[in-house]
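The structure appears right after this line, and notes come after that.
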Amino acid sequence: MRRTARLALGIMTAGLIAAGGAGIFVYSGAYDISATDQHTPPVYWAMQFMMRRAVAVRADESETPAGLAQAEVVRRGFALYHRNCVQCHGGPGFSPEPAALGMMPVPAYLVPVGREWTAAQIHWVVKNGIKMTAMPAWKHRMSEDDMWEVAAFVKHGLQYLSQAQYREAAANLPAPAARARPSGVEGGVGNAAAGRRAIDQYACATCHVIPGITGATRQVGPPLRGMASRSYIAGVLANTPRNMVRWLMSPQQVSPGSAMPDLGLREQDALDIAAYLATLHGD
Amino acid sequence: MTRINRDRRAALMLALMSLALGACARHERQVLLPGGDDRRGRELIDRYGCGTCHVVPGTGSARGQVGPPLDGIAHRSYIGGTLPNTPDNMVLFIRQPQKVRPGSAMPDLGIPEHEARDVAAYLYTLK
């Protein structure tokens, strides 16, 4: 009895000392967060291993579409790769852009990845991105087909291309078709839970206080707390669900000169985000 | 050499830590708007009825939800979504929102310049 009590006390004290030490370490600013300070080998290894495991567990091999190695699919994937990925990951004879060279971790050259990873794993990373790295999630910018095609290129194309072949293919790429921006709002059903996730994908949290979103503490624009009860949107539109979708998709059209930029929201994302905002009632 | 220096500095930092942790940063009251009286400003906010449209902390019954809440307005980057948040622009917006944002639901309330300065001085206490 006495012994267990003493043991418990010992564990509690050790825990307190550890927590205190961690607090002092954080507060002292001793940890170097700069992108020029490389990780120590154990930290690097742990993170790399965790990332590989997380991807392997989540990627569903059974979803891989048939025919990913077909020349036509790989060629479409090449066009997507050259427009969206080469600026960070580089390619045969192509350096990453200056901004990418300064990233920590630096984006990998993807030939080894194409050799070692499955298409489903590459697709998963493209779709969902990687937390605490600059690897973006593409699921709000690319269709499902596009994401499979770019994975097909990394898996079945990139590693077989010489510098000369890549360069020639890049030179022969047609200019990208201008993306048709949806103009009218058709109306549809939004999902608040999906909206909460989409908010993280359009930088809303860098400018607004938004309850329920971690890190949304800046007041570049008005706080969105209580948005559901506010009468007007941006002082000019009556706050109806339809107008909210319109505002989110094209603030520059509603309010020319506004500091809120057009962020290229897809209609479904706007519907979902509007549904989430509609849950934020006044205080 | 630098290693020793670094260790020394770390030790010193730890020693200073306990002091720093104890002595929380004291908040100085900042006068952001020369010539504005924030106490008068608060009364004016009640008088002009800003609270029918805005949440304004510290004032009588300001819980309106027509426009954005004004808590934290001192830290907001833009006023009315377009004007950089400077004291002059704040005074301008309070006096003539319709000039800044034609068609906005915030009406011109006919506030004279000196009163607008007082109101702005109060708004800048809302951090």
Side-chain angles (χ1 to χ4, degrees), chain A residues 17 19-32 37 203 206-211 216-240 243 247-248 250-262 277-278 280-283, chain B residues 2 6-25 51-57 62-85 89 93 97-108 123-124 126-127:
Chain A
I17 291 175
I24 289 177
F25 177 72
V26 168
Y27 190 83
S28 73
Y31 183 77
D32 190 348
D37 184 61
T206 60
C207 293
H208 292 287
V209 171
I210 316 173
T217 56
R218 293 283 164 82
Q219 293 206 12
V220 177
L224 304 185
R225 171 172 30 76
M227 196 63 223
S229 328
R230 208 163 295 167
S231 317
Y232 289 92
I233 303 167
V236 287
L237 286 180
N239 189 3
T240 65
N243 278 342
W247 168 255
L248 294 175
S250 36
Q252 291 294 316
Q253 193 192 343
V254 173
S255 168
S258 169
M260 172 145 158
D262 287 349
L277 296 180
L280 304 177
H281 288 282
D283 29 20
Chain B
T2 54
R6 228 195 257 171
D7 287 353
R8 265 241 215 87
R9 222 183 306 151
L12 187 67
M13 220 147 37
L14 290 186
L16 287 174
M17 278 279 311
S18 44
L19 290 177
L21 278 176
C24 262
T52 54
C53 294
H54 293 288
V55 171
V56 193
R63 311 214 59 77
Q65 307 248 26
V66 179
L70 300 185
D71 53 309
I73 185 84
H75 290 304
R76 211 161 293 170
S77 309
Y78 297 94
I79 306 164
T82 49
L83 292 176
N85 188 355
N89 280 340
F93 187 82
Q98 290 298 318
K99 190 170 149 197
V100 177
R101 303 260 285 184
S104 167
M106 167 130 167
D108 285 351
L123 294 184
Y124 279 127
L126 304 176
K127 305 206 162 150

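Below, chain A is the first sequence line, B the second, and so on; all start at residue 1.
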**Asked** Which one, A/M260, A/R230, A/M227, A/R218, leads in non-hydrogen pairs under 4.5 Å with chain B?
**Response**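 The residue among A/M260, A/R230, A/M227, A/R218 with the greatest pair count is A/R230.
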**Leading residue by heavy atom contact count with chain B [cutoff under 4.5 Å; candidates A/A259, A/S258, A/S231, A/G235]** =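 Among A/A259, A/S258, A/S231, A/G235, the one with the most close pairs to chain B is A/S231.
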**Asked** Based on non-hydrogen pairs under 4.5 Å, which of B/P69, B/P84, B/G80, B/S104 is most in contact with chain A?
**Response**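 Of B/P69, B/P84, B/G80, B/S104, B/P69 has the most heavy-atom pairs under 4.5 Å with chain A.
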**Message:** Using side-chain contact (heavy atoms from CB on, under 4.5 Å), reason through A/R225 and B/V55 one step at a time and then give a plain yes or no.
**Reply:** CA-CA 11 Å; A/R225 171 172 30 76; B/V55 171; 5.8 Å; no
**Prompt:** Contact part of B/R76 toward chain A, heavy-atom cut-off under 4.5 Å: side chain, backbone, both or neither?
**Reply:**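 Both backbone and side chain.
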**Request:** Please state whether the side chain, the backbone, both or neither of B/I73 comes within less than 4.5 Å of a heavy atom of chain A.
**Result:**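 Backbone only.
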So which atom in [X] and which in [Y] form the shortest heavy-atom distance, rounded to 0.1 Å?
{"X": "A/I233", "Y": "A/T240", "value": "CD1-O, 4.4 Å"}
{"X": "B/S77", "Y": "A/V220", "value": "OG-CA, 3.3 Å"}
{"X": "B/K127", "Y": "B/A74", "value": "CG-CB, 4.2 Å"}

**Under 3.5 Å side-chain donor-acceptor pair for B/Y124 and B/N85** =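 Side chains of B/Y124 and B/N85: pair found under 3.5 Å.
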